[in-house]
**Student:** 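Below are the structure tokens for one structure; questions will follow.
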Protein chains: 2
Amino acid sequence: MSTAASKRGRSSGRVTLNDVAEAAGVSPITVSRALRGERSVGAELVERVQAAAQALGYVPDPAARALASQRSSHVAVLIPLLSNTLFVDLLEAVHRTLLPAGFQTLIGITHYKPKEEELLLQSYMAHRPAGLLVTGFDRTETARRLIASSGVPCVHVMETSDAPGVHCVGFSQMEAGRAITQHLLSRGRRRIAFVAAQLDPRVMQRAEGYRRALHEANLYDADLELLNPDSSSLGLGGHLFEEVRRRRPDVDAIFFCNDDLAQGGLLAALRLGVKVPQEVAVAGFNDLTGSDLMLPPLTTVHTPRVEIGECAAQMLLSLMRREPVARSSLDLGYRLVIREST
Amino acid sequence: MSTAASKRGRSSGRVTLNDVAEAAGVSPITVSRALRGERSVGAELVERVQAAAQALGYVPDPAARALASQRSSHVAVLIPLLSNTLFVDLLEAVHRTLLPAGFQTLIGITHYKPKEEELLLQSYMAHRPAGLLVTGFDRTETARRLIASSGVPCVHVMETSDAPGVHCVGFSQMEAGRAITQHLLSRGRRRIAFVAAQLDPRVMQRAEGYRRALHEANLYDADLELLNPDSSSLGLGGHLFEEVRRRRPDVDAIFFCNDDLAQGGLLAALRLGVKVPQEVAVAGFNDLTGSDLMLPPLTTVHTPRVEIGECAAQMLLSLMRREPVARSSLDLGYRLVIREST
DNA sequence: CTGAAAGCGCTTACAG
DNA sequence: CTGAAAGCGCTTACAG
């Protein structure tokens, strides 16, 4: 089998389509079609080709395939950060769904910066990805055009939209923010602070939900919002907890925009001997690892990032195969998780 | 510029090497060489070519390049899990180092199973990765052969070895395990339990360090080892903490093989009213997020996974460029972080 | 339903 | 130091 190969100077030593074709006694195109499952090939031939491919241990060359078809087997996934476990869960779900379907996941980290995302997009598009997964809708005009003009199937995650032609899987961050605030109100809390970091678009949507709930209850007080642009972290949560208590000792509940902040707040409360929920109720967002094990366990909003990852990947697979997609906008909802901190 | 392109039926609309060559008035090969920085091209030509490429917005086609050169711009990174922040830190450092050098990171999750790693390797090798990053040395014979026979540069991370021809960046898990145990001994602890989960090779190396330290002190007691094969987690740490206390109420210190277990243990102690370190000292491993904020703050071993990721990526870059590598085995050490839990 | 030809956009040898 | 030719391993469009 290596005789033919060794004659050519630049042979890679790979088993090629030609080798399989020779072994099966058909033309290379037929092998290509049979292996890709194009229906136009006779059943008996398909079997013969598959047997030959199997016997020779043939593995298609992704580079050759990408060059000829103008489409690779890569899916670029653009997320803000890896240090937020939310996105790790999402990424893992996407990866787990795409791999068995024959697609590789390329990660891109945007650090919450539209300009960085634009640069990543620019370089990733050169790879002719088969598909694209992006976080939310906040991007530069250039990035938007790049995606649209490329014709590469794209699914947006974490938020929803009903703009025509847009594919997305997420939930309403605003509604979820409103729901958890309403829960605090239902517990009789009246001076509810909103403490946030990072201040990305989704955080601000939660803020909007918080505001609506308080406006509806005639309890909105702009002074109860503590918005910090730094990265979200346990440590920052502790500091912000202390800052709220210092600035507004009358606050009877705190809604942290993310669980890591809330966990930090809870730890700070323990350290300071502040009783939760008696003195102040604490709620978080996302239901991250450890929230159920805090003291007291943290009330939060469970967000379906694993399901979002899976559904978005499935939707993308359909788009990449040019199959019809039942619904182009999927709202997967959220779930209040009431524990002892409220 | 599209006249030439539109004549060809299958044109991708891309700006190609030929377009640049035409614009610069040289042959395509010269453009290829100039852009890749091959020294054999005249300085004046290089400038002209670069200007033309810039003007046309030329971006090389990775698929074509991979096909022609038999080498892609992808680096496959095989790690056990994404849910352990240790590996997220590692992955992020690798990604951050490789991207500016023009390499894309492909993630592979092995779930700590050599057989899964072997299958991943099989499929990733078809992509002709430019380089490979793998975790530790525990793999199937087939996987080992696949790597060796492929000729793809490979760097091993997290452990060290002085086997000839092996490239690795890590530290001695055994020594680190010994050091933290010796610290507990130096604090006057005598009945020190070792509590572990996952039981992967690196965990067992830490166990070995623990045993050596206790043997040296004539305090080794096999009954003080609690080895649980389940995945490491906060919740499991809590359970194992309780189990140790139940089985051996005389234990005066616990060395958890990972910080998530230790944090879970600390939270369980808080819940149960067990005083740390008075009643029992608690030490962890890895210095993960939040360990410094526990109550009390957790004594642990800081492991240099970020530096490991950076150095391993640098070493891989050298290997991929066929540059000489100063040292093929890098021991980046570890650092005891003594806090209030011991 | 099957195939011969051409082409995807680069790089590798081989010349000069 | 520069170039013409061939080839990497596939798939696309055009025939039959």
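The chains referred to below are lettered A, B, ... by the order of the sequence lines, with proteins before strands, and numbering in each begins at 1.
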**Student:** In terms of the nearest nucleotide of DNA chain D, which residue is placed more toward the 5' end: B:Ala64 or B:Thr30?
**Tutor:** B:Thr30
**Student:** Does a side-chain N or O of A:Arg36 approach OP1 or OP2 of D:dT12 to a distance below 4.0 Å, or not?
**Tutor:**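 Yes, within the criterion.
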**Student:** Distance check, rounded to the nearest 0.5 Å: B:Glu310 atom CD versus B:Leu98 atom CG?
**Tutor:** 11.0 Å
**Student:** Does D:dT11 have OP1 or OP2 sitting under 4.0 Å from an N or O in the side chain of A:Ser32?
**Tutor:** yes
**Student:** How close or far is atom C1' of C:dC8 from atom CG of B:Asn18, stated in whole angstroms?
**Tutor:** 12 Å
**Student:** Among B:Leu91, B:Thr97, B:Leu133, exactly one meets side chain to side chain contact (heavy atoms under 4.5 Å, CB included) together with B:Thr105. Which residue is that?
**Tutor:**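 That would be B:Leu91.
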**Student:** Identify which nucleotide among C:dT11, C:dG3, C:dG9 has an atom closest to any side-chain atom of A:Ser27, counting heavy atoms from C-beta outward.
**Tutor:**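 Nucleotide nearest to A:Ser27's side chain: C:dG3.
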**Student:** Check the distance between C:dG7's P and A:Gln70's CD and give it to me in whole angstrom.
**Tutor:**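 Checked: the CD to P distance equals 14 Å.
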**Student:** Using a heavy-atom cut-off of 4.0 Å across all strands, would you classify B:Pro28 as base, sugar-phosphate, or nothing?
**Tutor:** nothing
**Student:** Any donor-acceptor pair under 3.5 Å linking the side-chain atoms of A:Thr140 with those of A:Glu118?
**Tutor:** yes
**Student:** Rounded to the nearest 0.5 Å, how far apart are CZ of B:Arg33 and CD1 of B:Ile29?
**Tutor:**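 Those atoms lie 6.5 Å apart.
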**Student:** Taking CD1 from B:Ile29 and P from C:dC14, how many angstroms apart are they, rounded to a whole number?
**Tutor:**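 So the two atoms are 16 Å apart, to the nearest Å.
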**Student:** Could you check how far CG of A:Asp61 sits from P of C:dC8, rounded to whole Å?
**Tutor:**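 Computing the A:Asp61:CG to C:dC8:P distance gives 18 Å.
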**Student:** Please determine, for the side chain of A:Ala68, which listed nucleotide (C:dC10, C:dG7, D:dT2) has the closest atom?
**Tutor:**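 Of the options given, the side chain of A:Ala68 lies nearest C:dG7.
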**Student:** Of all the nucleotides listed (D:dG3, C:dA5, C:dG9), which has the minimum atom distance to the side chain of B:Leu67?
**Tutor:**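 Closest nucleotide among those given: C:dG9.
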**Student:** Quick check: on DNA chain D, is the nucleotide nearest A:Ala63 upstream (toward 5') of the one nearest B:Gly42, or the reverse? Name the residue that is more 5'.
**Tutor:**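 Nearest nucleotide further toward 5': that of B:Gly42.
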**Student:** What nucleotide among D:dG3, C:dG3, C:dC10 has an atom nearest to a side-chain atom of B:Arg33?
**Tutor:**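 Within the option list, the nearest is D:dG3.
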**Student:** Between C:dT11, D:dC8, D:dC10, spot the one nearest the side chain of B:Leu17, thanks.
**Tutor:** C:dT11
**Student:** Quick one: which residue pairs count as a ring pair (Phe, Tyr, Trp, His ring centres under 6.0 Å) with a foot in residues 132-157 of chain A, not counting sequence neighbours?
**Tutor:** A:Phe137-A:His156
**Student:** What are the two closest non-hydrogen atoms of A:Glu116 and A:Thr110, and how far apart are they?
**Tutor:**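 What the structure gives for the nearest pair is CB-O, 3.5 Å.
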**Student:** Which whole-number value in Å describes the distance from A:Leu35 CG to C:dT2 P?
**Tutor:** 14 Å
**Student:** What's the CZ-P distance between B:Arg65 and C:dT11, to the nearest Å?
**Tutor:**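 One finds 5 Å between P of C:dT11 and CZ of B:Arg65, rounded.
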**Student:** Could you name each residue pair satisfying salt bridge (Lys or Arg N to Asp or Glu O under 4.0 Å) that touches residues 154-166 of chain A, not counting sequence neighbours?
**Tutor:** A:Glu159-A:Arg202
**Student:** In whole angstrom, give the distance that lies between atom CG of A:Asp19 and atom C1' of D:dC8.
**Tutor:**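 That distance rounds to 13 Å.
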**Student:** Is atom CD of A:Glu47 surrounded by more than 12 heavy atoms (other residues, nucleotides or ligands) closer than 6.0 Å?
**Tutor:**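 Count not over threshold, so no.
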**Student:** Can you give me the dot-bracket string for DNA chain C, 5' to 3', counting Watson-Crick and G-U wobble pairs with both distances under 3.5 Å, using [ ] for crossing pairs and | for partners on another strand?
**Tutor:** |||.||||||||.|||
**Student:** For the pair made of CG in A:Leu56 and P in D:dG9, what is the distance, rounded to whole Å?
**Tutor:**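 It works out to 14 Å between those atoms.
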